[in-house]
Amino acid sequence: MKILKKTFSYVLPALMVVGGASSCTDFIEIDPENKVPEEEVDFSATSEMYKPVVGVYNEVRASAMHYINALLMFTRDGDVWSGRYDDQGPAATFSREFVYDNSYWGLNQVWINWYNIVRISNSALTSLDGYAQYLSEGSADYATYQSYCGEVRTMRAWAYYNLVTNFGPVPIYSDNLQTEFRRATIESVYNYMLEDLNYAMQHMQHMRPNEMAYPGAITVYTAEMLAAKIYMLMGNWEQVETLTDDIINNGNFSLYDDYYQLFKIPGKLCDESLFECQVTDFGNGSGDEITVDQFFNCQGPNGNYAWIDEKGESQSKAGITDKTNAISGWGFIGYEPEFVAWAEARGETVRATTSFLKAGSTTPEGWFIGTSSATTTDCWNGKSYLPYDQMTPGRTTYGSNNNVRIFRYADVLLMNAEAKVRNGGNGDAPFNEVRRRAQMEELTNVTLDQVLDERRMELCSEWGYVYQDLVRTGRAATVLGPKGWTEDKTYWPVPATQLENLPDLLLEPVEYNAASVSE
């Protein structure tokens with residue numbers, strides 16, 4: 001049995017709390033079985049083959065949903081910012097002034113978070129290969145093994161996608177025996193991701209995630225969507241159109257009717273979802289729960305609140321602490337006033353109600369949102385908000401028991417519309433499908449500018465997609481230049497801690513060659 005050595009320790013936290021694979025039937029709670037060093041695993045027990053895959057999902061929940069990812073990654077587009085200058089002041093200057101401090105702990109943590117997923121994915125693939133020794137090529141079980149590998153490769157590609165769109169040239173960490181980590185060119189990272197995704201698209205299931213045997217597991221359409229996103233960055237619009245056409249024509253996806261509930265409990269694993277991080281409190285008010293820690297809490301409003309009762313009368317906080325917890329967050333993710341004004345001038349109602357938690361307003365459930373001297377924004381990210389009446393009694397931390405949406409069908413439709421316009425076609429149909437749900441007037445002969453505006457509104461505060469749009473379209477200088485952005489600030493610097501541990505990161509990026517980084 002191959003033993004995996006910890007050769008990439010400089011990207012790992014000092015302590016990683018992990019356990020063995022559990023026997024729980026709920027697959028979202030199983031930890032990775034193939035840690036570093038590898039535990040003894042009986043690979044002949046092929047019925048256990050999904051456990052290493054579940055371990056990667058678990059790492060996605062632990063690392064990708066770290067609150068610092070939201071704090072830095074969601075706030076780069078000029079519309080959204082960190083909202084506070086106090087204990088995480090550098091994050092505010094990253095997003096609002098484009099002053100990058102590479103010694104900021106949060107920058108290093110983002111790097112660590114994504115490489116954690118890469119590392120666990122590498123380990124899971126090694127475990128899967130161990131099981132494959134006991135399978136017959138061409139058998140149904142071997143096809144299952146290949147599908148499982150596709151799931152892992154897709155999650156690994158997604159980790160690299162977040163690394164390359166934020167840090168630019170980064171090391172390709174191809175296996176856990178690797179000892180050399182010079183940065184690869186951006187194009188090399190794109191191609192490496194596409195190799196993983198091409199494998200996944202050949203071997204994974206053609207169904208929606210909510211149709212899978214393990215509900216919520218990613219499928220071939222998840223891989224296609226991620227590949228389309230990479231081709232968008234590369235400017236290959238023929239591939240974007242082909243891939244998104246396949247999702248639209250064959251995936252049986254549809255937009256969830258209620259945009260407000262889409263981001264709340266009713267929208268969990270709906271037919272719009274291509275990828276989301278799952279949590280559960282098991283329906284119990286205490287005891288074990290599987291959470292994303294402070295991911296939602298960091299985005300919630302931080303201010304003075306009152307409950308407006310059924311008579312329209314304001315009730316004080318006293319005696320309703322349970323409800324107060326449900327609305328009170330850290331106040332770290334806020335919208336710029338200019339963006340809110342732009343949205344309202346467009347006539348946005350449905351998406352504005354969902355996306356904006358404005359001080360001085362009342363939520364549909366009756367919460368009056370006040371102001372706070374601790375924050376310098378008066379509008380927070382409503383997509384992270386969960387109503388109190390959707391929470392399990394006793395579990396009232398902000399956003400508790402809600403999944404994190406990562407890939408949505410609305411994004412597929414807008415990518416398809418943009419690809420059609422850029423390829424000389426008509427993007428009205430997918431474009432207006434998104435607009436209809438938002439109760440916005442349908443348009444004809446839509447232009448590139450209109451598609452990009454639609455993406456700006458539909459995808460605000462979601463995984464840095466709007467910032468990526470600004471960069472890939474060459475509009476970042478115009479939009480963000482007045483705030484201090486310049487082309488050399490397209491990507492964050494390599495964290496100082498990483499440079500101290502691996503000076504080769506200072507060298508110019510090179511074309512990736514697998515033979516040059518393996519022992």
Side-chain angles (χ1 to χ4, degrees), residues 8 11 73 76-77 100 110-111 114-115 117-119 121-122 125 150 152-175 178 180-202 222-244 407 411 415 418-419 422-423 463-477 480 485-495 498-499 502 504-518:
F8 203 30
V11 301
M73 290 174 52
R76 305 192 69 191
D77 55 27
Y100 299 155
V110 173
W111 176 283
W114 295 113
Y115 274 116
I117 297 170
V118 170
R119 171 177 170 270
S121 297
N122 293 345
L125 290 170
V152 174
R153 287 173 180 266
T154 300
M155 286 185 278
R156 181 169 69 177
W158 183 61
Y160 277 115
Y161 180 86
N162 287 286
L163 282 163
V164 75
T165 54
N166 285 291
F167 291 99
V170 292
I172 292 175
Y173 180 35
S174 58
D175 68 65
Q178 188 172 314
E180 296 183 13
F181 305 102
R182 185 166 177 171
R183 290 180 300 155
T185 63
I186 292 173
E187 185 174 0
S188 290
V189 182
Y190 288 164
N191 289 332
Y192 185 76
M193 289 187 286
L194 289 171
E195 287 178 12
D196 268 348
L197 295 171
N198 285 332
Y199 177 98
M201 288 185 283
Q202 292 174 35
T222 314
E224 285 186 335
M225 182 175 178
L226 180 53
K229 282 186 167 293
I230 296 166
Y231 283 121
M232 282 177 68
L233 299 177
M234 300 173 75
N236 188 334
W237 294 101
E238 289 77 13
Q239 284 283 7
V240 176
E241 185 170 1
T242 297
L243 289 164
T244 54
F407 286 170
D411 193 358
M415 286 194 288
E418 182 174 351
R422 288 183 179 272
N423 290 334
W463 294 101
Y465 297 147
V466 175
Y467 177 77
Q468 293 160 27
D469 289 347
L470 291 174
V471 171
R472 67 178 174 80
T473 59
R475 302 179 182 207
L480 303 177
W485 187 94
T486 53
E487 188 174 355
D488 63 333
K489 294 181 178 180
T490 300
Y491 304 109
W492 292 325
V494 176
Q498 306 304 323
L499 295 175
L502 199 68
D504 281 355
L505 290 171
L506 289 168
L507 299 175
E508 285 298 307
V510 295
E511 293 296 318
Y512 173 73
N513 180 347
S516 69
V517 294
S518 300

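Positions are given from 1 along the sequence.
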- Query: How far apart are the closest heavy atoms of Pro495 and Trp111, and which atoms are they?
  - Reply: CD-CE3, 3.6 Å
- Query: Will you find, in the side chains of Tyr161 and Trp114, an N or O donor that is under 3.5 Å from an N or O acceptor?
  - Reply: no
- Message: Is it the case that the side chains of Glu238 and Thr242 hold a donor-acceptor pair, with the cut-off being a distance below 3.5 Å and no angle test?
- Response: no
- Answer yes or no: is there a side-chain heavy-atom contact under 4.5 Å between Met234 and Leu194? yes
- Message: For Gln239, I'd like to know if atom CD has over 12 heavy atoms of other residues, nucleotides or ligands within 6.0 Å.
- Response: yes
- Item | Glu224: partners by salt bridge (Lys or Arg N to Asp or Glu O under 4.0 Å), with sequence neighbours left out | none
- Task: Under the salt bridge (Lys or Arg N to Asp or Glu O under 4.0 Å) rule, collect the residues that match up with Arg156, sequence neighbours excluded.
- Result: Asp196
- Note on the structure: d(Tyr465 OH, Thr165 OG1) to nearest 0.5 Å is 9.0 Å
- Task: Kindly give the heavy-atom pair with the smallest separation between Val240 and Ala228, and that separation in Å.
- Result: CG2-O, 3.5 Å
- Note on the structure: Interatomic distance, OH@Tyr100 vs CG@Asp488, rounded to 0.5 Å, equals 9.0 Å
- Distance, nearest 0.5 Å, that separates OH of Tyr231 from CG of Leu243: 7.0 Å
- Task: Enter the distance from Gln498:CD to Tyr115:OH here, rounded to the nearest 0.5 Å.
- Result: 9.0 Å
- Query: Does Asp175 use its side chain to pair, donor to acceptor, with the backbone of Asn122 at less than 3.5 Å?
  - Reply: no
- Within the side chain of Arg182, is there an N or O that forms a donor-acceptor pair under 3.5 Å with the backbone of Glu508? yes
- Message: Taking the six-membered ring of Trp492 as reference, does the cationic atom of Arg76 (NZ for Lys, CZ for Arg) lie under 6.0 Å from its centre and within 45° of its axis?
- Response: yes
- Task: Please report the closest heavy-atom contact between Ala157 and Met193, naming both atoms and the distance.
- Result: O-SD, 3.3 Å
- Heavy-atom check, side chain of Asp411 versus side chain of Met225, under 4.5 Å: yes
- Apply salt bridge (Lys or Arg N to Asp or Glu O under 4.0 Å) to Arg472 and list each qualifying residue two or more places apart in sequence or on a separate chain. Glu418, Asp469
- Message: Between Asn166 and Val110, is the side-chain contact (heavy atoms from CB on, under 4.5 Å) condition met? List the steps.
- Response: CA-CA 9 Å; Asn166 285 291; Val110 173; 5.6 Å; no
- Message: Within the 4.5 Å heavy-atom criterion, are Gln468 and Met232 side-chain neighbours or not?
- Response: no
- Please tell me if the side chains of Val189 and Ile172 come closer than 4.5 Å, counting only heavy atoms from C-beta onward. yes
- Please report the closest heavy-atom contact between Ala223 and Ala200, naming both atoms and the distance. CB-CB, 3.9 Å
- Stepwise side-chain contact (heavy atoms from CB on, under 4.5 Å) test for Thr490 and Trp485: CA-CA 8 Å; Thr490 300; Trp485 187 94; 3.3 Å; yes
- So OH of Tyr173 and CD of Gln178: to nearest 0.5 Å the spacing works out to 7.0 Å
- Task: Determine whether Asn191 and Tyr512 make a side-chain contact, defined as any pair of heavy atoms from C-beta on separated by less than 4.5 Å.
- Result: no
- Message: Is there a side-chain contact between Leu480 and Tyr467 in this structure, where contact means two heavy atoms from C-beta onward sitting under 4.5 Å apart?
- Response: yes
- Task: Locate the shortest heavy-atom distance separating Glu511 from Ser188; write the atom from each residue and the value.
- Result: OE1-OG, 3.0 Å
- Contact check, side chains of Pro171 and Leu505, non-hydrogen atoms, under 4.5 Å: yes
- Message: So, taking the atom named CG in Leu197 and the one named CG in Leu226, what distance separates them when rounded to the nearest 0.5 Å?
- Response: 4.5 Å
- Task: Check whether any side-chain heavy atom of Ile186 sits under 4.5 Å from a side-chain heavy atom of Tyr491, and report yes or no.
- Result: yes
- Looking only at heavy atoms, which two atoms of Trp463 and Asn162 are closest? And how far apart? CE3-OD1, 4.3 Å
